[in-house]
Amino acid sequence: MVSISLRSISKSYTPLAKVLHDISFEIREGEFLVIVGPSGCGKSTLLRMIAGLENITSGELFFDDKKMNDVLPKDRDVGMVFQNYALYPHLTVSENISFPLTLRKVEKAIVKKRVAEVSLMLQLEELLQRKPKELSGGQRQRVALGRAIARSPKCFLFDEPLSNLDAQLRNQMRSEILSLQKKVGATSIYVTHDQTEAMTMGDRIAVLNNGILQQVGTPKEVYHNPVNMFVSGFVGTPSINKIWGSVDNGRFISSGKEINISLKGFINEDAVICAFRPEDIIIDKDSALQAEIQSFEYIGHETLLYLRIGSESITVRTTDTDTYRRREKIGIKISPEKVLLFDKNENNVSHKSV
Ligand code: ADP
Ligand code: MG
């Protein structure tokens, strides 16, 4: 196991355009850290720099107390798993798994033993003589995992390894990867654009946007106490509700009228954004705050209601089984302790503890 430290790492592919800006954070020994962000934000670039496949423009990378900037990829002791599996088509499953060992001229008997262990762990014993084209997507991804763990690396790097799989298989593979990682104990960095994957898999999550690190925290911290508007909107589906307005004497005012949210303790501000998650709205027919139902989606265990208050649209998630009608007015309440407030620079100024 190893701890990984990124210190002010930046990357430019061309002299004028920086794709990563001054990234600093630590990955603890044995931790499963997920880097999440929209497509193109620099996740793969960051991971490839940690693997040594891309050079670091400025800043320092440490594995424990060893600086790694100039260490060759093959000497970094990382196992990498890619989205497109990157298996050798002309080699069997067994040969694909053993490839990194054979490359390092490991003794035949040891290779054989290791392939047996790995294929048992990943339920590949029956498939060892097949070629990649004779496997399903899930099986191929398992072989790619097998190849990454064959050498028992100090650390795993995953780049969107489940993006090519269907939803059900993706769920199954998520828990397989996690239990494998717990069993092997290797420090892991997992890159994805899928916030659900990040929330469900990460011990901690690093949120990246436009090459800038936004926040590093546990899924709970990131969900309940996002540092800024971007993070608040990126995690959680349906997305967090946002209403633009201002605070006036402890009340929230939007489009000229008072929205019934008490914000005691907040100073008066010209412009603020009030945000609350769809599940933090209570339907209460006696509430003074009335909203009109625009549409709704019944999805079995819950209903999503799309409402309008004044000129604002909000989404409510409710588990009650009432029947709703379009254009109907309903009363709602927003739990004040759940409300997040952002200043005009879109920074979270509500400072909630989680
Ligand atoms: P992500 O993995 O988050 O989708 P990438 O790290 O692949 O993002 O890309 C980040 C940015 O760097 C993008 O704007 C992309 O076009 C650019 N980029 C990636 N690889 C190269 C490269 N080899 N040469 C030039 N630009 C690149
Ligand atoms: Mg990528």
Side-chain angles (χ1 to χ4, degrees), residues 4-25 27 32-61 68-70 72-73 76 78-87 137 140-141 144-145 147-148 155-167 169-170 173-174 177 181 187-202 204-217 219 222 226-237 239:
I4 299 171
S5 173
L6 284 69
R7 304 184 188 168
S8 289
I9 287 187
S10 295
K11 175 73 183 176
S12 310
Y13 286 106
T14 54
L16 288 178
K18 237 187 195 183
V19 297
L20 285 166
H21 304 258
D22 216 6
I23 307 279
S24 298
F25 65 95
I27 301 108
F32 197 100
L33 182 118
V34 180
I35 300 174
V36 68
S39 184
C41 73
K43 305 179 294 295
S44 296
T45 301
L46 193 55
L47 201 70
R48 291 170 61 79
M49 288 197 291
I50 298 169
L53 302 172
E54 202 66 71
N55 67 325
I56 296 171
T57 310
S58 66
E60 294 175 319
L61 173 71
M68 302 303 284
N69 290 48
D70 300 320
L72 292 172
R76 292 195 184 196
V78 301
M80 194 148 176
V81 186
F82 301 91
Q83 174 177 352
N84 59 7
Y85 321 125
L87 298 176
R140 278 180 213 166
Q141 197 48 283
L145 278 173
R147 191 180 49 189
C155 118
F156 288 136
L157 304 176
F158 300 95
D159 193 351
E160 314 234 16
L162 307 182
S163 300
N164 288 347
L165 305 179
D166 64 54
L169 197 53
R170 206 154 57 214
M173 289 296 290
R174 269 181 210 163
I177 288 180
Q181 192 260 348
T187 310
S188 301
I189 307 179
Y190 186 106
V191 158
T192 179
H193 66 275
D194 178 343
Q195 61 89 25
T196 310
E197 204 157 281
M199 294 292 279
T200 53
M201 294 184 84
R204 286 187 308 151
I205 303 176
V207 185
L208 200 61
N209 187 31
N210 271 334
I212 298 169
L213 183 66
Q214 309 286 309
Q215 183 167 8
V216 183
V222 169
V227 294
N228 59 28
M229 282 257 286
F230 173 80
V231 176
S232 79
F234 191 74
V235 294
T237 46
S239 207

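Numbers for residues simply follow the sequence, beginning at 1. Numbering of ligands and ligand atoms starts at 1, following listing order.
Nearest protein heavy-atom neighbour of atom 8 (O) of ligand 1: Gly42 N, 3.2 Å. Protein heavy atom nearest atom 7 (O) of ligand 1, with residue, atom name and distance: Ser44 CB, 3.8 Å. Nearest protein heavy-atom neighbour of atom 18 (N) of ligand 1: Tyr13 CE1, 3.3 Å. For atom 4 (O) of ligand 1, the closest heavy atom belonging to the protein is Gly40 N, 2.7 Å. Considering only non-hydrogen protein atoms, atom 12 (O) of ligand 1 sits nearest to Val19 CG1, 3.3 Å.
The shortest N/O to N/O separation between Thr45 and ligand 1 falls below 3.5 Å.
The distance from the Mg ion (ligand 2) to the nearest N/O/S atom of Ser44 is under 2.8 Å.
Arg174 pairs in a side-chain contact (heavy atoms from CB on, under 4.5 Å) with only one of the listed residues (Thr192, Leu169, Leu162), which is Leu162.
Closest heavy-atom contact between Val231 and Pro226: CG1-CB, 3.7 Å.
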Query raised in the report: Are Asn209 and Phe234 close enough, and set up right, to give a side-chain contact (heavy atoms from CB on, under 4.5 Å), and what steps lead you there?
Result: CA-CA 10 Å; Asn209 187 31; Phe234 191 74; over 6 Å; no
Query raised in the report: Under the side-chain contact (heavy atoms from CB on, under 4.5 Å) criterion, do Leu6 and Leu61 qualify, and how do the steps go?
Result: CA-CA 5 Å; Leu6 284 69; Leu61 173 71; 4.2 Å; yes
**Report entry** Worked verdict on Glu54 versus Leu46 for side-chain contact (heavy atoms from CB on, under 4.5 Å)
**Finding:** CA-CA 9 Å; Glu54 202 66 71; Leu46 193 55; over 6 Å; no
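Asn164 and Gln83 share a donor-acceptor pair across their side chains, judged by distance under 3.5 Å alone.
With rounding to the nearest 0.5 Å, the separation of SG in Cys41 from CD1 in Ile35 is 9.0 Å.
Taking a 4.0 Å cut-off on heavy atoms, Gly37 fails to register as neighbouring ligand 1.
In this structure, atom 26 (N) of ligand 1 has a protein heavy-atom contact shorter than 4.0 Å.
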